[in-house]
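Protein chains get the first letters and strands the later ones, always in sequence-line order, with residue 1 at the start of each.
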2 protein chains.
Amino acid sequence: MIQAIDRAAKVLSTLQGARHLGITELATELWLPVSTVHGIVKSLQGHGLVAQEPGGTRYMLGPALLKLSNVYLDTLDVRARAMRWTLELARRTGLSTRLGVQLFDEVIIIHHNQRPDGSQQMPETGLSIPAHASAMGKVLLAYSPEYASGLLGRPLRSLTGATITDPAQLAIQFVSIVSDGIATEEDEAVLGESSIAAPVVDTRGNVIAAVAVVVPSSEWPPDSSVLNGLRETARNISRELGASTWPPRALQPAVAAHPQS
Amino acid sequence: MIQAIDRAAKVLSTLQGARHLGITELATELWLPVSTVHGIVKSLQGHGLVAQEPGGTRYMLGPALLKLSNVYLDTLDVRARAMRWTLELARRTGLSTRLGVQLFDEVIIIHHNQRPDGSQQMPETGLSIPAHASAMGKVLLAYSPEYASGLLGRPLRSLTGATITDPAQLAIQFVSIVSDGIATEEDEAVLGESSIAAPVVDTRGNVIAAVAVVVPSSEWPPDSSVLNGLRETARNISRELGASTWPPRALQPAVAAHPQS
DNA sequence: GAACGCAATTCGATAATGTCGAATATCCTC
DNA sequence: GAGGATATTCGACATTATCGAATTGCGTTC
């Protein structure tokens, strides 16, 4: 890991947490000399990744990130393929749907379809949710043991009273998730919101994303048609990506670590 | 400018242009040894800024960018203040509205309100348009001579037959833009689409963003009520940001001394 | 199914590069 | 207008990134 780049990335994520910071504040946060931080920030600013807050002398994230992120979304094959299917799922269930991928300990929503009831809802694309508190996260963790073991080792943050923070309890859920290809979550991230998720698989059989349906907790448990719709959606997307079987057979990465061919 | 960070940023923008690239391809593009590029890419990957394309050995932009960009949008004060006004403007004019800021030679759209006719339209937030081909871009250039002079020195790209690529012609437009606080563009970026833009000003009198109304070229020139609505919107947003006068008086020399370094 | 060739990755010596403390400039507060 | 705090500049130094060569891994062809 190249030191300067590592530090630059840390500057970005510090700015992500704090919104607006001066050089000194950043330096304190990162335990680095101010002149070092200054050099890093100016380099990032030169590429639009960081910007001066208008008028002030403090710094914030920069507009280049928006452009990069837009291209990121466009390059995602899963997203392009999934969109029409999640839209249909939202229509048929009357619920909002999500598509998410893993970002370290979180799931980040790369596509969101609003509930088709015409009400005003916040767009969720770009939101990230701690993996252990999300149905999509549980799916992704259940199918990638190396991530899961890493995450379960650390203390888990509680978001609502219902968040499961006990590693053992999560590990048990992972087993059943793998066996039937469905994960659930009840009020574990946001009170009043529960969700069901299923894995999306590519040609190689790797789980590369998760689809989810968000169910108001007042309507929990959802009708079995919702569950079937979700399963079918996940299967359709996976098929379009070239997957031959769904749900995914087993824990692919573990298998890949012991090649027998 | 720190070399390693500069190179890392170049890797990101190369990936932005090419979507998927192998290490060797990137190295060729950047005129660097492969091992150097490899180190940079791996460092970026360690922070989720770059990702391995699933299955392949090539690289693409990473999901961390999406999260950063989401926070970027949230931290923008202008955006939060402007949203309710641009929504109202869209309602009153029946047209789509945009809010944009400068990103080097382009304008990047930080907020977009769809035409309120209920039709399905592509979300434009995150799109970037060459400044010289955009009404918002002309506004921003007209009020920041630093940028303008730099940009007019380089050859300008033509996007449609109507794009103005002659520096002299643009310079003339800038004068009238500053004098009446309104810029226009007819088919210069996209055929069939024209737009009018006005500056958004902060407490210090700096032009920090531009608002625009997009008008189908078939309805050009727009009714004077559209123009008045736009003016009022720009004034309202600016007032909310603490600006005392609108349109902005002139090219503040203090502002011109705000280079990029 | 084996062998070839290309691309990614690892490694270590080298000096170029980023780092950091001190000095200076600039901003904000009182 | 003065004082304190913060941002910025500068240059010597040694840490650190860089790059070429060697190795591994992968896909493709025969």
Per-nucleotide protein contact string for nucleotides 10-19 of chain C, where B marks a base within reach and S marks sugar-phosphate only (heavy atoms under 4.0 Å, - for neither): B------SSS
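By the 4.5 Å heavy-atom criterion applied to side chains, B/Lys67 and A/Leu103 are counted as neighbours. With a 4.5 Å cut-off on side-chain heavy atoms, B/Leu170 and B/Leu156 count as touching. Side chains of B/Ile40 and A/Ile5 form a contact here, defined as non-hydrogen atoms less than 4.5 Å apart. Between A/Ile108 and A/Leu127, the closest side-chain pair of non-hydrogen atoms is not below 4.5 Å. Side-chain atoms of A/Trp246 and A/Pro199, non-hydrogen and from C-beta on, do get closer than 4.5 Å to each other.
Mapped onto DNA chain C by nearest heavy atom, B/Gln52 and A/Val34 fall at different nucleotides, with B/Gln52 at the one closer to the 5' end.
Put simply, the residue from B/Val11, B/Val37, B/Leu26 that forms a side-chain contact (heavy atoms from CB on, under 4.5 Å) with B/Leu21 is B/Leu26.
Heavy-atom distances under 4.0 Å link DNA chain D to A/Gly22, A/Ile23, A/Thr24 of residues 21-29 of chain A, given in residue order.
Checking side-chain atoms of B/His132 against main-chain N and O of B/Pro167 turns up no donor-acceptor pair under 3.5 Å.
Phosphate proximity of D/dT8 to A/Tyr59: present, with a side-chain N or O under 4.0 Å from OP1 or OP2.
Here A/Arg81 contributes atom CZ and A/Ile237 contributes atom CD1; the two are 11.5 Å apart, rounded to the nearest 0.5 Å.
To the nearest angstrom, C1' of D/dG27 lies 13 Å from CZ of B/Arg58. The separation between A/His20 atom NE2 and D/dT6 atom P is 18 Å, rounded to whole Å.
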